[in-house]
Structures are given as structure tokens and as C-alpha cells.
Amino acid sequence: MARRILAIIAIYLATCVAWMALAVLTEHRTHSTQEELRTQVADLYGEEHHTMAPEVYYEAARTIVDDSANSPGDMARGWNEKVVHSSRVTVVPESSDILVNLELDQRRKGLLWYSTYRVGFHGDYLIKNNTSERREYVIGFTFPTTQAIYDNFVFRVGHQDVALEGLEEGVLSSRVPLAPGEEKAFTIGYDSRGLNRWLYVPGRGVSQVKDFTLTMVTDFKAIDFPPGTISPTSKAPVGDGWELVWRHDNLISGFTLGIKMPSRINPGPLASQITLFAPVSLLFFFFVIFILSVLRDIKIHPMNYFFLAAAFFSFHLLFAYLADHMDVHLAFAISSAVSVALVVSYLRLVVGPRFAFREAAIAQLVYLVLFSYAHFFKGFTGLCVTVGSILTLAALMQFTGRIDWEERFRR
């Protein structure tokens with residue numbers, strides 16, 4: 001009996017080594033081309049959008065007396081050289097009313113899914129000269145990313161379109177003269193495409209917004225907010241998505257506003273995770289089969305365990321390569337059916353159909369199929385496996401509590 005147990009352990013360890021090799025290979029296949037594929041997706045559909053709020057400022061002149069430029073004689077006569085410096089004074093728009101429409105468009109490259117999106121941006125802003133002098137205000141707009149296409153682009157001050165200058169630097173600007181107390185509205189809008197996240201940056205560093213409203217309409221329900229962003233003040237369902245509203249009368253913050261696109265299950269990382277977890281599934285399966293065989297005086301040779309381990313391995317090997325060519329759920333179902341069929345049909349010949357179709361099939365469905373499928377539920381995998389493990393332990397303890405193991409092993 002001791003030799004048989006040692007042989008089963010050796011088979012188990014050898015299979016674990018094979019799984020580790022398969023997991024490393026799958027991980028390498030996934031990540032060796034990940035950066036290249038992401039670049040291709042960004043080239044086709046655009047990069048992540050970081051939309052900066054328009055920068056509004058004016059130049060203020062300051063006169064400074066520079067004594068260092070005067071001779072002692074000039075200073076004695078009271079002559080001082082005056083130097084004029086100009087400084088940039090940033091102006092906060094009196095109001096900002098922004099509408100963003102996001103449409104999810106997920107794309108697959110290799111073993112990975114990428115969350116691309118179409119975005120429609122329209123922003124209405126109002127500036128006012130709150131000084132006592134006539135000023136020339138500069139309105140600057142920086143494109144969210146240079147790696148994108150901007151269709152139906154609008155940059156309008158009042159009712160006049162701004163000339164598109166500074167496109168090479170990715171910054172457009174317009175000069176607006178305003179008399180004291182005068183107001184002027186301007187509009188910026190475009191249609192574009194991006195990748196993974198859309199962010200709106202109210203200003204550089206800690207910044208202020210007044211009478212600010214950003215309304216975002218999505219066509220998807222699974223929303224998430226990136227770290228360092230402000231959550232919306234209200235949310236309401238609209239069709240297949242949400243209407244998210246950020247409304248602030250007077251806010252000072254260094255946070256941004258935005259949303260992260262929902263992501264689909266990536267076949268490559270999923271196959272690697274399931275493969276790395278495979279030794280746990282096989283350990284439970286071998287343990288249950290071994291206990292049942294002892295209880296029922298069924299002789300299962302270590303060589304039989306070797307073929308059972310190979311049938312388990314076939315599931316992960318087939319799934320790792322099927323996921324390249326079809327839906328991940330369909331690939332999982334086919335791989336599960338093949339592995340279960342191998343185990344049941346083999347044990348039917350070794351120990352008979354009753355044990356094969358009942359105990360062995362149920363054990364494989366639980367410890368291979370269900371334990372592996374738990375990886376589809378992100379955040380609940382550990383809990384599902386823990387519950388299954390405890391239930392298995394409880395059942396085996398109840399079934400074997402009255403058994404004289406010394407007598408059993410002696411026989």
C-alpha cells in the first residue's frame with residue numbers, strides 16, 4: 001500500500017510539473033505580443049483620452065524697480081531703472097456645461113480583448129472679464145491625445161469658428177478681447193475613438209471649477225471609475241446604459257473625472273490561471289477516488305492514476321489552444337466534455353460502469369469543471385473553491401468516521 005501511495009504521489013507531482021510548463025507557455029504566448037498588439041489597436045482605434053479643460057488666461061504687466069541696473073550717481077539723484085514684467089493670470093470659466101456620449105466597441109487581438117470606444121464630446125463654456133481693465137484673453141485647447149482621429153471638430157468663440165492653428169503641437173488657441181464686465185461663450189466639440197479609459201481633467205494640479213456640469217451617457221451597464229477620480233453626483237438608467245452627472249457649484253480639487261470601460265474575459269490570462277490552479281483540482285480528485293476505492297475494495301493501479309492525470313491534463317491543454325479560435329465559454333465546454341469523456345470511458349473499463357458514471361463523473365465535474373469555472377467569476381474564485389473544499393472534507397469525514405483505517409490498510 002505504501003508503494004502504491006508513493007507511486008500515485010509521483011504521478012501527481014509529474015503532472016504538476018507539466019501543468020507549470022503549460023502555464024508558462026500560455027503566459028508567454030499571451031504577453032510576448034501584448035505590447036505589440038496594444039499598439040496595433042491604438043493605431044487603429046485611438047489611444048486613451050485625457051481631455052484637459054480649456055486653459056483660459058491673460059497677460060498682466062507688472063513694473064518692477066531694478067536698483068541693480070543703476071550707478072551710484074543715478075541712485076543719488078533718485079533715478080531708478082524700471083523693468084516691465086508680464087505674468088500669466090489663469091482664469092476659471094464662469095460656467096462649464098459638458099455632454100459626453102460613450103459607445104463601447106470591444107475588439108479582440110490574439111489572446112486578449114481590448115475595450116475600445118466611440119466618444120462624442122460637446123462642451124459649452126463661459127468666460128467673463130472680472131477686472132477693471134480691458135483684457136485680451138487667450139483660450140487654449142489641448143487635444144486629449146495626438147494618437148486619435150477627431151471628426152466633426154468644432155472650436156467656436158461666440159458665433160465665430162476659430163482658425164485651426166497649432167495643430168502640429170496638438171494645442172489650439174484663440175485670443176478674445178473683453179471689456180470690463182463683458183462675457184463671452186465658447187464651444188468645443190468632436191467625435192473620436194479611444195481605448196480603455198476616458199478622463200476629463202479640470203485643470204493642472206489643484207484646480208477650481210464653477211457652475212460645472214458634466215453629463216455622460218453610456219450604452220453599457222458595467223461601469224467602473226478609475227483610481228483618483230471623482231464619483232458622479234447622480235446616476236440614472238438610460239436604455240442599455242447610464243446617465244452619469246457630475247454637478248458642482250464651486251469645487252476645488254486635484255482629482256479628475258472619468259470612467260473605465262468594462263473589460264471582457266481575456267482567454268490567455270484565464271487559461272494561465274486555470275492551469276496554475278489545476279494541481280488543486282487533481283489533488284481533490286485523486287483523494288476522493290482513493291478514499292472511495294479503499295472503502296469499496298476497488299483496486300486501482302497507479303498506472304490507472306497516470307491515465308486519469310493525463311485525461312485531466314488534456315482539459316487544460318485543449319482549452320489553452322481552443323480559446324485562440326472561439327468563444328471562451330464554448331472552448332471551456334468542449335474541453336470539459338472531452339476530459340470527462342476520457343475519464344469516464346476509461347474507468348468504465350477499469351472498475352466498471354457504475355463507479356465510472358456515478359462517483360468518478362461527479363467528482364470530476366466538481367473538482368475539474370466547477371472549480372475551473374469559478375475563475376470566470378472574478379473576486380469569487382477563492383470563496384467558491386473554499387466552500388467546495390469544506391463540503392468535500394465534511395462529506396468524507398462523515399463517510400469514513402467509523403472506519404478502522406489500520407484494518408483497511410492491512411487488507
Side-chain angles (χ1 to χ4, degrees), residues 12 15-16 18-27 29-31 106 108 110-113 115 220-222 224 262-289 291-292 305 307-347 356-396:
Y12 170 78
T15 311
C16 291
W19 270 320
M20 296 303 106
L22 178 61
V24 170
L25 177 61
T26 305
E27 193 78 11
R29 289 172 54 226
T30 301
H31 295 288
Q106 294 172 321
R108 179 173 172 177
L111 286 170
L112 297 172
W113 281 95
S115 297
F220 49 89
K221 289 286 188 182
D224 193 12
S263 58
R264 296 184 62 171
I265 296 175
N266 283 313
L270 178 65
S272 297
Q273 292 172 13
I274 293 177
T275 303
L276 288 172
F277 187 78
V280 177
S281 298
L282 184 61
L283 178 63
F284 274 99
F285 181 76
F286 272 8
F287 182 66
V288 170
I289 294 299
I291 294 296
L292 292 177
Y305 280 96
F307 284 109
L308 293 176
F312 260 65
F313 183 81
S314 68
F315 164 82
H316 303 88
L317 183 63
L318 185 60
F319 178 69
Y321 286 94
L322 276 182
D324 286 1
H325 307 287
M326 62 179 64
D327 178 76
V328 65
H329 291 89
L330 180 58
F332 186 90
I334 293 175
S335 303
S336 300
V338 169
S339 182
V340 172
L342 288 173
V343 169
V344 171
S345 62
Y346 178 68
L347 284 180
F357 284 98
R358 193 171 64 178
E359 286 85 350
I362 293 175
Q364 189 177 11
L365 286 173
V366 171
Y367 303 117
L368 175 65
V369 179
L370 295 184
F371 274 26
S372 298
Y373 197 74
H375 288 81
F376 283 80
F377 303 100
K378 205 169 184 180
F380 293 92
T381 304
L383 178 61
C384 293
V385 173
T386 300
V387 171
S389 304
I390 294 174
L391 291 177
T392 300
L393 177 63
L396 292 178

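All residue numbers refer to positions in the sequence shown, counting from 1.
A tilted orientation is assigned to the rings of F313 and W19, their planes being inclined by 30° to 60°. Note on ring orientation: taking the six-membered ring where Trp is involved, the planes of F332 and F376 are perpendicular (angle over 60°, cut-offs 30° and 60°).
In this structure, the side chain of S339 does not engage the main chain of S336 through any donor-acceptor pair within 3.5 Å. With hydrogens and angles ignored, the 3.5 Å screen pairs a side-chain donor or acceptor of S372 with a backbone N or O of L368.
Pairing each heavy atom of V369 with each of V340, the nearest pair is CG2-CG2, 4.3 Å. Considering all non-hydrogen atoms of both residues, P262 and A222 come closest at CB-O, 3.2 Å. Shortest non-hydrogen contact noted between V344 and A356 is O-CB, 3.5 Å. Annotation for F286 and Y305: closest pair CZ-O, 3.4 Å, computed over non-hydrogen atoms.
Atoms OG1 and CE, from T275 and M20 in turn, are 8.0 Å apart once rounded to the nearest 0.5 Å. Distance check, rounded to the nearest 0.5 Å: OG of S263 to CD of Q106 gives 7.5 Å. The CZ atom of F315 sits 10.5 Å away from the CG atom of L322 when rounded to the nearest 0.5 Å. How far CG of L292 is from CZ of F287: 10.0 Å, rounded to the nearest 0.5 Å. Here the CG-CG distance, from L342 to L318, works out to 9.5 Å after rounding to the nearest 0.5 Å. With rounding to the nearest 0.5 Å, the separation of CG in L383 from CZ in F377 is 12.0 Å.
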Can you give me every donor-acceptor pair (side chain of residues 278-285, partner residue at least two apart or in another chain, under 3.5 Å) with its distance?
| from | atom 1 | to | atom 2 | distance (Å) |
| --- | --- | --- | --- | --- |
| S281 | OG | Y367 | O | 2.7 |

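Surrounding CZ of F380 are at most 12 heavy atoms belonging to other residues, nucleotides or ligands under 6.0 Å away.
Counting heavy atoms from C-beta outward, L370 and L365 have side chains that stay 4.5 Å or more apart. By the 4.5 Å heavy-atom criterion applied to side chains, V288 and Q364 are not counted as neighbours. Here the side chains of L270 and F319 are in contact, with some heavy-atom distance below 4.5 Å.
Counting only residues at least two apart or on different chains, the salt bridge (Lys or Arg N to Asp or Glu O under 4.0 Å) pairs with a member in residues 359-374 are R296-E359.
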* To do: Please lay out, stage by stage, how Y373 and H329 fare under the test side chain to side chain contact (heavy atoms under 4.5 Å, CB included).
  => CA-CA 9 Å; Y373 197 74; H329 291 89; 3.4 Å; yes
* Asked: Would Q273 and T381 count as a side chain to side chain contact (heavy atoms under 4.5 Å, CB included) if you check the C-alpha gap in whole Å, the side-chain angles of each, and the deciding distance to 0.1 Å?
  -> CA-CA 11 Å; Q273 292 172 13; T381 304; over 6 Å; no
